Amino acid sequence: MGAEVIVRLPDGSAKQLPAGSTALDLAKSIGKRLAKDAVAAAVDGAEVDLTCVLSEDAEVAILTGGSDAGRTVLRHSTAHVLAQAVLDLWPGAHYAIGPAIEDGFYYDFALRGGATFGEEDIKRIEARMLEIIAEDQPFVREEHTIAEGLALFAQQPYKREIIEGVGSEADLAVEAARDMAPGEFTVSVYRNPTARVVDHDGGFVDLCRGPHVPSTGRLGHFRLLRVAGAYWRGDEHRPQLQRIYGTAWESAQALAEHLHRIEEAERRDHRRIGADLDLFSFPPEIGSGLALFHPKGAMIRQIMEDYSRRRHMSSGYQFAYSPHITKAELFEVSGHLQWFADSMFPPITLEEGHEYRLKPMNCPFHILIFRSRQRSYRELPIRLFEFGTVYRYEKSGVVHGLTRVRGMTQDDAHIFCTFEQMTGELESLLGFVLDLLRDFGLEDFYLELSTRPEGKAAGSEEEWEAATEALRVAAQAIGLELVMDVGGGAYYGPKISVQARDAIGRHWQVSTVQLDFQLPMRFGLEYVGADNARHRPVMIHRALFGTVERFFAILLEHYAGALPTWLVPTQVVVLPVRDDHDPYAEHVAVTCRHAGLRAEVDPADEPLGGRIRRWKLEKVPYVLVVGDDDTTSGTVGVNARGSEHPDRGIALEAFVAAVAAEVESKGSPEKGGGRWSSGPR
RNA sequence: GCCGGUGUGGCGCAGUCGGAAGCGCAGACGACUUGUAAUCGUCAGGUCGUGGGUUCGAGUCCCACCACCGGCUCCA
């Protein structure tokens with residue numbers, strides 16, 4: 001090693017530094033601002049502390065708090081500060097893991113005597129954290145052998161368990177692994193030597209892979225958000241720990257923006273919109289997770305379902321109907337009672353001894369329709385579609401608005417085809433799915449491939465392998481990003497799910513496509529082939545909306561309640577200025593209705609301003625005002641949703657034609673600026 | 001199911017130390033006849049989630065249950 005090292009920077013330039021220089025020295029040599037913003041460094045792609053000595057020539061990048069990698073470091077370091085505060089305030093507490101997560105971090109604790117955190121505790125902890133940050137405690141990295149590590153954390157069972165797992169196969173599979181040192185024989189810890197923690201000598205120390213900021217003074221733009229219970233290593237059979245969630249950012253402004261995004265998501269909450277717009281409700285009288293659709297919500301749902309039916313009809317599907325309840329034996333045959341019973345409502349036992357069950361899925365019924373007579377290869381593929389309402393006994397803590405309910409309607413279909421037809425069916429199906437989703441205004445997708453659920457799967461590994469491969473081929477042919485979801489398949493087969501990103505970047509699982517060799521076998525399905533021999537069909541389960549309820553909720557959140565004109569319950573409201581304009585207002589409404597629009601009149605028995613306000617809050621796409629000028633010239637004053645100013649004097653025919661076209665193209669008033677070019681602004 | 005939190009007219013909220021249940025919006029009725037995001041007035045509406053308990057007295061304190069909210073596990 002010479003007296004100097006040469007580092008290459010991300011912009012391609014190179015820099016010479018004296019031997020023994022640290023990453024922080026490098027940052028300083030580039031600029032003051034960079035040194036101030038730096039939180040860690042990447043040497044040949046590996047993230048390290050700023051205090052790391054650059055001992056050989058390397059590619060080095062300085063990570064700042066403004067980058068994703070830099071924020072991860074900030075959040076991870078803030079999690080350590082949280083742990084230090086909690087250990088100081090709750091003597092004898094055990095600390096488990098505290099990783100950075102999307103937009104923030106958390107840390108899991110077990111308090112002495114099973115104590116729990118309350119709301120007020122959050123404030124105490126935050127105050128203690130601010131003190132720790134004000135003290136500007138250094139983070140110092142240490143390497144220890146496994147034995148030393150175990151001794152260091154003699155009083156900390158969760159840390160010991162993590163250390164004992166270092167290098168094991170299981171270690172790599174658990175989330176905690178991200179929190180750990182690489183390498184088989186050592187563990188790294190970070191120490192805040194100047195920390196004062198009750199009952200702890202030598203400051204505060206935590207097991208951690210790093211890197212961390214040089215000192216706590218670099219932190220500060222954080223907020224603790226909530227407390228929650230969380231199972232140790234995500235296993236509900238293991239102890240439940242107390243988790244504290246927080247968020248942390250590189251600047252006060254970034255923190256404020258994040259808190260604003262949280263508010264924005266709350267504004268879009270479909271439960272709130274559903275109540276405000278009188279779309280649906282969940283009366284306690286009918287039970288948790290069971291929804292009532294009110295007339296306006298039902299109208300939207302009806303439009304969604306009607307459109308879906310039309311698309312299915314033109315895509316070669318046949319319709320089916322099946323009952324909500326059936327003899328339990330059907331679910332013995334299908335395997336649901338073996339694999340899915342936890343999610344089913346308990347049996348209804350009749351006097352003569354038969355047990356009945358509410359259906360959790362529609363597939364067995366469609367199978368019986370297939371099996372009702374002998375089938376020829378000439379009929380295949382057979383595609384049976386139904387809006388099938390199913391009931392699942394979801395655990396009490398998981399129901400959530402319309403996205404997680406106990407009674408739900410799937411836009412469900414089962415395709416029975418030959419093995420040879422399978423790949424083609426899957427590919428055309430994925431095309432159909434994406435086409436339909438785009439009609440509803442979702443545009444940004446990726447696919448997820450869910451594989452065999454270990455221990456919860458029917459059938460052989462070979463069958464699963466073949467089915468998974470067929471799905472993979474179809475998914476790749478579509479050309480969208482594909483991510484793996486290991487072990488996430490249904491008990492009878494692997495699945496592709498379509499994930500949609502909404503207007504504010506959140507993603508939702510919508511469509512699912514599952515390939516199934518098991519149920520055709522269990523039900524002994526057959527068709528007669530061209531060779532006059534009997535063959536077993538392949539089955540594809542698929543739902544495009546997923547469930548109508550959930551898809552409805554996704555649309556409400558995506559559009560923040562301002563649905564495209566074709567989906568909205570009332571498209572046009574006509575407001576007469578005075579009551580002698582009522583007849584003309586009625587004429588306008590009738591003209592709209594003749595063009596197929598949903599229009600109503602709000603008569604002039606209260607002031608115009610109040611009426612406008614009410615319908616605007618209802619998010620009606622077009623609020624028309626008609627007065628003296630309009631009655632004489634056959635025009636309307638148009639208030640398009642989303643625009644600040646009305647367009648007066650628009651010819652009625654021009655308005656109706658434009659809105660009818662907007663409905664046809666599935667557009668929204670927000671996207672239709674400038675249509676009324678004939679009228680003055 | 002588990003952890004934490006919350007339940008007060010249809011909705012949003014106040015209610016102090018355990019001592020007479022309130023406000024705004026919405027609703028009904030009346031007046032106002034209006035050109036672009038809240039017209040004025042009057043009235044009605046609550047066994048304070050449900051059931052127990054403590055107390056001279058409970059919206060308020062305790063217990064159980066129900067529902068909801070945020071998470072964990074699970075999941076469309």
Side-chain angles (χ1 to χ4, degrees), chain A residues 106 108 114-122 225-245 266 269 271-272 275-276 278 281-289 340 342-343 360-361 390 392-406 408-412 450 453 456 488 490 495 497 508-512 514 543-551 553-554 575-582 603-618 623-630 637-639 643-649:
Chain A
Y106 66 79
D108 288 347
T116 56
F117 294 119
E119 297 266 287
E120 322 74 52
D121 294 329
I122 292 286
L225 296 175
R226 60 182 64 95
V227 296
Y231 299 104
W232 170 233
R233 295 202 153 161
D235 182 341
E236 64 179 315
H237 303 296
R238 307 199 65 177
Q240 186 163 46
L241 307 174
Q242 290 284 302
R243 175 170 298 177
I244 296 177
Y245 281 94
E266 283 168 6
D269 191 318
R271 295 166 300 184
R272 181 198 163 100
D276 285 352
D278 193 17
S281 63
F282 294 92
E285 290 86 339
I286 62 174
S288 181
F340 203 72
D342 284 352
S343 297
M361 291 188 193
V390 298
R392 296 185 186 174
Y393 187 74
E394 299 293 345
K395 291 188 205 169
S396 61
V398 307
V399 295
H400 179 94
L402 286 175
T403 61
R404 195 75 185 275
V405 291
R406 286 178 168 169
M408 72 207 91
T409 303
Q410 298 178 311
D411 60 330
D412 206 4
S450 302
K456 286 188 284 185
K495 76 177 176 195
S497 57
W508 305 83
Q509 177 174 315
V510 284
S511 317
T512 59
Q514 296 169 317
L544 274 38
F545 293 153
T547 72
V548 180
E549 290 82 358
R550 183 183 157 81
F551 194 70
I554 293 168
L575 308 182
V577 172
R578 247 184 357 258
D579 55 11
D580 52 314
H581 303 129
D582 282 356
D605 50 13
E606 63 178 314
L608 187 62
R611 284 181 287 157
I612 289 175
R613 180 168 191 273
R614 190 164 60 247
W615 293 108
K616 286 274 192 182
L617 289 176
E618 290 261 332
V623 179
L624 303 185
V625 173
V626 294
D628 289 332
D629 301 349
D630 301 298
V638 181
N639 296 273
S643 81
E644 289 292 314
H645 303 289
D647 291 316
R648 299 259 316 253

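Please read these numbers as outputs of a predicted model, since none were measured by experiment. Protein chains get the first letters and strands the later ones, always in sequence-line order, with residue 1 at the start of each.
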> Sequence neighbours excluded, which residues qualify as side chain to side chain contact (heavy atoms under 4.5 Å, CB included) partners of A/V399?
Replying inline: A/S288, A/E394, A/R406
> In chain order, what residues pass the salt bridge (charged side-chain N to carboxylate O under 4.0 Å, His left out) check against A/D628, with sequence neighbours excluded?
Replying inline: A/R578
>> For A/M408, is there any backbone N or O sitting under 3.5 Å from a side-chain donor or acceptor partner on A/R392?
In response: no
>> Between B/C13 and B/G70, how far apart are the two P atoms, rounded to whole Å?
In response: 14 Å
>> Only pairs with both distances under 3.5 Å count, Watson-Crick or wobble alike; so what is the partner of B/C32 in this structure?
In response: none
> B/U36 C1' sits how many Å from A/D630 CG, rounded?
Replying inline: 12 Å
> A/Q242 CD to B/G70 P: how many Å, rounded?
Replying inline: 18 Å
> Would you say the side-chain atoms of A/R611 pair up with the backbone N or O of A/P576, donor to acceptor, closer than 3.5 Å?
Replying inline: yes
> Where is the tightest heavy-atom contact between A/V577 and A/G627, given as atom of each residue plus distance?
Replying inline: CG2-CA, 3.7 Å
Can you name the atoms? Protein N/O to nucleotides 62-65 of chain B N/O, anything below 3.5 Å, with the distance.
none

> Quick one: CZ on A/R613 to CG on A/L608, what's the gap to the nearest 0.5 Å?
Replying inline: 14.0 Å
> B/C11 and B/C72: how far apart are their C1' atoms, nearest whole angstrom?
Replying inline: 32 Å
> How far does the P atom of B/U6 sit from the matching atom of B/U16, given to the nearest Å?
Replying inline: 15 Å
> Is B/C75 paired to anything, Watson-Crick or G-U wobble with both distances less than 3.5 Å, and if yes, which nucleotide?
Replying inline: none
> Paired with B/A44: which nucleotide, if any, by Watson-Crick or G-U wobble criteria at under 3.5 Å for both distances?
Replying inline: none
> If pairing requires Watson-Crick or G-U wobble contacts with both distances under 3.5 Å, which nucleotide is the partner of B/C65?
Replying inline: B/G49
> Quick one: on RNA chain B, does A/L624 or A/R226 contact a more 5' nucleotide (nearest heavy atom)?
Replying inline: A/L624
> Do the side chain of A/D628 and the base of B/G35 come within less than 3.5 angstrom through a donor-acceptor pair of N or O atoms?
Replying inline: no
> Which atom names give the shortest non-hydrogen contact between A/F117 and A/I244, and what distance separates them?
Replying inline: CE1-CD1, 3.6 Å
> What nucleic acid atoms does A/D629 come within less than 4.0 Å of, heavy atoms only: base, sugar-phosphate, or nothing?
Replying inline: base
>> Using whole Å, what does the distance between atom P of nucleotide B/U36 and atom NE2 of A/H581 come to?
In response: 13 Å
>> Please report the distance separating the P of B/U60 from the corresponding atom of B/G19, rounded so that it comes out in whole Å.
In response: 11 Å
> Which nucleotide in the list B/C68, B/G35, B/C3 gets nearest to the side chain of A/S288?
Replying inline: B/C68
> How would nucleotides 28-34 of chain B be written as a contact map, 5' to 3', with B for base contact, S for sugar-phosphate-only contact and - for no contact, using protein heavy atoms under 4.0 Å?
Replying inline: ----BBB
> B/C25 P sits how many Å from A/R614 CZ, rounded?
Replying inline: 14 Å
>> Holding to salt bridge (charged side-chain N to carboxylate O under 4.0 Å, His left out), I want the full list of residues that pass it with A/D269, two or more places apart in sequence or in another chain.
In response: A/R271
>> I need the CZ-P distance between A/R613 and B/G35, as an integer number of Å.
In response: 19 Å
Distances for protein N/O vs nucleotides 72-76 of chain B N/O pairs under 3.5 angstrom?
unit_1: B/C72; atom_1: O4'; unit_2: A/G229; atom_2: O; d: 3.0
unit_1: B/C72; atom_1: O2'; unit_2: A/Y231; atom_2: N; d: 2.9
unit_1: B/U73; atom_1: O2'; unit_2: A/E236; atom_2: OE2; d: 3.1
unit_1: B/U73; atom_1: O2; unit_2: A/K395; atom_2: NZ; d: 3.2
unit_1: B/C74; atom_1: O2; unit_2: A/R404; atom_2: NH1; d: 3.0
unit_1: B/C74; atom_1: O2; unit_2: A/R404; atom_2: NH2; d: 2.4
unit_1: B/C74; atom_1: N3; unit_2: A/R404; atom_2: NH1; d: 3.0
unit_1: B/C75; atom_1: O4'; unit_2: A/R404; atom_2: NH2; d: 3.3
unit_1: B/C75; atom_1: O2; unit_2: A/R404; atom_2: NH1; d: 3.3
unit_1: B/A76; atom_1: OP2; unit_2: A/K495; atom_2: NZ; d: 2.9
unit_1: B/A76; atom_1: O3'; unit_2: A/Q509; atom_2: NE2; d: 2.7
unit_1: B/A76; atom_1: O2'; unit_2: A/R550; atom_2: NE; d: 2.8
unit_1: B/A76; atom_1: N6; unit_2: A/E394; atom_2: OE2; d: 2.6
unit_1: B/A76; atom_1: N6; unit_2: A/V405; atom_2: O; d: 2.9
unit_1: B/A76; atom_1: N1; unit_2: A/V405; atom_2: N; d: 3.0
unit_1: B/A76; atom_1: N1; unit_2: A/V405; atom_2: O; d: 3.3

>> To check you understand the geometry: which heavy-atom pair defines the closest contact between A/A604 and A/D579, and what is its length?
In response: CB-N, 3.7 Å
> Looking at residues at least two apart in the chain, or sitting in another chain, which of them share a side-chain hydrogen bond (donor to acceptor under 3.5 Å, both in side chains) with A/D276?
Replying inline: none
> When rounded to the nearest Å, what value does the distance between C1' atoms of B/A58 and B/A44 take?
Replying inline: 28 Å
> For A/D108 and B/G4, what is the distance between atoms CG and P respectively, to the nearest whole Å?
Replying inline: 15 Å
> Taking all non-hydrogen atoms of both residues, which atom of A/T403 and which atom of A/A553 are closest, and how far apart?
Replying inline: CG2-CB, 3.7 Å
> For A/P284 and A/D276, take the nucleotide of RNA chain B holding the closest heavy atom to each; which residue's nucleotide lies nearer the 5' end?
Replying inline: A/D276
> If you look at every strand shown and take non-hydrogen atoms under 4.0 Å, does A/L617 touch a base, only sugar-phosphate, or nothing?
Replying inline: base
> Over how many whole Å does the gap from A/D647 atom CG to B/G35 atom C1' extend?
Replying inline: 14 Å
>> Under 3.5 Å for both donor-acceptor distances, Watson-Crick or wobble: does B/G59 have a partner, and if so which one?
In response: none
> In chain order, what residues pass the side-chain hydrogen bond (donor to acceptor under 3.5 Å, both in side chains) check against A/D630, with sequence neighbours excluded?
Replying inline: A/T635
> Under 4.5 Å between any side-chain heavy atoms of A/L544 and A/F551, yes or no?
Replying inline: no
>> Counting only Watson-Crick pairs (N1-N3 plus N6-O4 or O6-N4) and G-U wobbles (N1-O2, O6-N3), all under 3.5 Å, who is the partner of B/G22?
In response: B/C13
>> Could you work out, with salt bridge (charged side-chain N to carboxylate O under 4.0 Å, His left out) as the rule, every residue matching A/K456, not counting sequence neighbours?
In response: none
>> To the nearest 0.5 Å, what is the distance between CH2 on A/W615 and CG on A/L575?
In response: 8.5 Å
> Do any side-chain nitrogens or oxygens of A/R271 fall under 4.0 Å of OP1 or OP2 in B/C69?
Replying inline: yes
>> Taking pairing as Watson-Crick or G-U wobble with both contacts under 3.5 Å, can you name the mate of B/G70, or confirm there isn't one?
In response: B/C3
Polar atom pairs between nucleotides 45-51 of chain B and protein, under 3.5 Å, N or O only, would you list them?
none

>> With rounding to the closest Å, how many angstrom separate the P atoms on B/G9 and B/C48?
In response: 10 Å
>> Restricting to ring-ring contact (aromatic ring centres under 6.0 Å, His included), what partner residues turn up for A/Y231, sequence neighbours left out?
In response: none
> With a 4.0 Å cut-off on heavy atoms, is A/G610 in touch with a base, just the backbone sugar-phosphate, or nothing at all?
Replying inline: sugar-phosphate
>> Using whole Å, what does the distance between atom P of nucleotide B/G5 and atom CZ of A/F117 come to?
In response: 13 Å
> Listed by chain and number, what are the side chain to side chain contact (heavy atoms under 4.5 Å, CB included) partners of A/S343, not counting sequence neighbours?
Replying inline: A/F340
> Using a cut-off of less than 4.0 Å, is there contact between a side-chain N or O of A/T116 and OP1 or OP2 of B/C3?
Replying inline: no
